[in-house]
Amino acid sequence: MRCSVTVTRFFRNLQPRRVEWEAGLNCLTGPNGAGKTNIIECLHALSGWGCFKTGASPVAWDSGEPSAYLYGEFEGEESVTVGVRVGSRTLVQCGGRRASWTNVRERVPSLAFLAGDLSLVEGTPGVRRAFLDRLCTLLFPPYAWKLSEMRRALRCRGMLLKQGRNAAMTAKVLSPLVSWIWESRRSSVAMLAAGLERLSDLLPAPLEMRHARGGGGGADDPLEDFARGLERYGQREREARIPLVGPHRDDMILTNSGRPVLSLSRGQRRRTAVALMIAAGFAVEKTVRRTPMLLLDEIAAELDADGHRRTVNALLSSGFQVFAATAEPVGTDWPGGVYVVEAGSVRRVG
Ligand SMILES: Nc1ncnc2c1ncn2[C@@H]1O[C@H](COP(=O)(O)OP(=O)(O)OP(=O)(O)O)[C@@H](O)[C@H]1O
Ligand SMILES: [Mg+2]
């Protein structure tokens with residue numbers, strides 16, 4: 001799917017203007033604080049992921065309005081409009097009808113790669129889990145619901161352990177959820193690995209990856225593994241008074257030619273992270289049969305001329321619609337639309 005038009009009203013610092021977007025690569029450039037990330041956030045919300053959790057209201061401060069309005073027209077596998085009201089009361093519409101965020105994500109899939117995701121390669125396991133969760137949410141429709149059920153059961157388990165009480169009952173509820181989530185994550189990592197094979201020109205070195213279950217007991221079957229994990233770490237859990245077995249402790253282990261990815265330079269790690277993002281796009285395209293949009297905030301920083309060229313080539317040949325924000329100047333050779341953002345106003349210049 002591709003976004004052809006957006007209109008915003010009272011949304012952060014953006015001027016209420018209709019903007020037409022390019023079907024391929026879109027580059028948003030302009031000074032710091034201009035509103036580039038706000039446009040990425042607008043597309044993030046219009047593709048069913050909601051606003052960023054910044055703590056501050058997304059409604060323009062000086063507007064005196066209770067809500068902000070976002071509207072987008074999408075084309076590709078189908079033509080559909082999405083309208084979102086955010087602020088005091090959220091309302092989502094898709095194809096002119098009231099819809100849920102999930103409905104929108106299914107019809108207009110997007111993958112966002114934001115400033116914090118840059119640590120996908122070298123950051124904590126939590127960053128990689130969040131990345132896998134987003135991917136699995138798009139790949140497997142019940143994923144978001146099962147994940148929230150699992151988190152609820154885990155909180156309950158955590159509470160019982162903290163109070164020194166018997167938490168065996170929660171294991172019964174957790175078992176099917178944990179094994180389903182482990183299986184989903186395993187299969188998404190396998191799809192990512194397959195996608196990376198198409199990105200050897202972007203990857204600085206061959207990348208191996210595997211899903212590591214948090215506190216698994218060494219069995220292949222996820223249900224069995226969870227049971228064995230609980231047996232093995234039960235005593236330690238009671239002592240630590242926190243749940244030690246389950247998807248909340250998973251990781252995606254990345255190595256390049258058998259060596260830790262941390263041996264890569266910063267620019268090389270960034271290229272690896274972008275490759276993972278595009279590979280995630282391939283997985284979505286193959287599974288849900290819709291091309292996702294890629295929303296990329298500040299991915300080009302730290303890339304040298306060669307890294308930059310390889311990244312642009314990989315994005316271009318993916319066939320995805322891409323929105324890339326950058327505070328750096330854009331060369332005249334950018335193979336797509338160039339939009340200058342200044343004080344919340346968006347203007348196409350190339
Ligand atoms: N609710 C709001 N109402 C009005 N302005 C807002 C609101 N929320 C954020 N802003 C302003 O929007 C401006 C643009 O922010 P944004 O993060 O999009 O900039 P940017 O172009 O991405 O900058 P950078 O290059 O530093 O990443 C900021 O100056 C911020 O103060
Ligand atoms: Mg920004």
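These figures come from a predicted structure and were not determined experimentally. Order of appearance sets the numbers: ligands from 1, and atoms from 1 within every ligand. When reading the values below, keep in mind they use all heavy atoms of this one structure, side chains included, and skip hydrogens, waters and symmetry mates.
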min-distance protein heavy atom vs atom 3 (N) of ligand 1 -> Trp61 N, 3.1 Å
The Mg ion (ligand 2) reached by Asn32 (N, O or S, under 2.8 Å): no
Under a 4.0 Å heavy-atom limit, does Ala56 contact ligand 1 with its side chain, its backbone, both, or neither? neither
Nearest protein heavy-atom contact for atom 23 (O) of ligand 1: which residue, which atom, what distance? Gly33 N, 2.7 Å
Could you give the distance from CE (Met277) to CG (Leu315), rounded to the nearest 0.5 Å? 9.5 Å
Knowing that exactly one of Glu106, Glu285, Glu78 qualifies, which makes a salt bridge (charged side-chain N to carboxylate O under 4.0 Å, His left out) with Arg290? Glu78
Among all protein non-hydrogen atoms, which one is nearest to atom 26 (O) of ligand 1, and what is the separation to 0.1 Å? Asn32 ND2, 3.2 Å
Considering both backbone and side-chain atoms of Gly30, is one of its nitrogen or oxygen atoms within less than 3.5 Å of a nitrogen or oxygen in ligand 1? no
With the threshold set at under 4.0 angstrom, would you say Gly35 reaches ligand 1 through any of its heavy atoms? yes
Any carboxylate oxygen within less than 4.0 angstrom of a Lys/Arg side-chain nitrogen, looking at Arg213 and Asp251? no
Is the distance between the ring centroids of Phe282 and Phe320 under 6.0 Å? yes
With rounding to the nearest 0.5 angstrom, report the CE to CG distance, Met169 to Leu174. 11.5 Å
Per atom 18 (O) of ligand 1, closest listed option by heavy atom (Asp62, Asn38, Thr326, Ile39): Asn38
Tell me the protein heavy atom at minimum distance from atom 17 (O) of ligand 1, and give that distance in Å. Thr37 CB, 3.5 Å
Which ligand 1 atoms, with their elements, are less than 4.0 angstrom from a heavy-atom of Ala60? 3 (N)
Report the nearest protein non-hydrogen atom to atom 11 (C) of ligand 1: residue, atom name, distance rounded to 0.1 Å. Asn13 CB, 4.1 Å
Note the single closest protein heavy atom to atom 8 (N) of ligand 1, along with its residue, its atom name and the distance in Å. Arg12 NH1, 3.2 Å
Parallel, tilted or perpendicular, as decided by the 30° and 60° cut-offs, for the rings of Tyr339 and Trp21: tilted
Going by the order shown, which atoms of ligand 1 are within less than 4.0 Å of some heavy atom of Ala34? 19 (O), 20 (P), 21 (O)
Report the distance from atom CZ of Arg289 to atom CD of Glu77, rounding to the nearest 0.5 Å. 11.0 Å
A student checking ligand 1 against Pro58 at a 4.0 Å heavy-atom cut-off should list atoms 1 (N)
Do the side-chain N and O atoms of Asn13 and Asn38 include a donor-acceptor pair separated by under 3.5 angstrom? yes
Within ligand 1, which atoms have a heavy atom of Val59 less than 4.0 Å away? 1 (N), 2 (C), 3 (N)
Which of parallel (below 30°), tilted (30 to 60°) and perpendicular (above 60°) describes Phe10 and Tyr69? perpendicular
Between the CH2 atom in Trp49 and the CZ atom in Arg105, the distance rounded to the nearest 0.5 Å is 5.0 Å
May I ask you to identify, for Pro31, whether its side chain, its backbone, both or neither come under 4.0 Å of ligand 1 on a heavy-atom basis? backbone
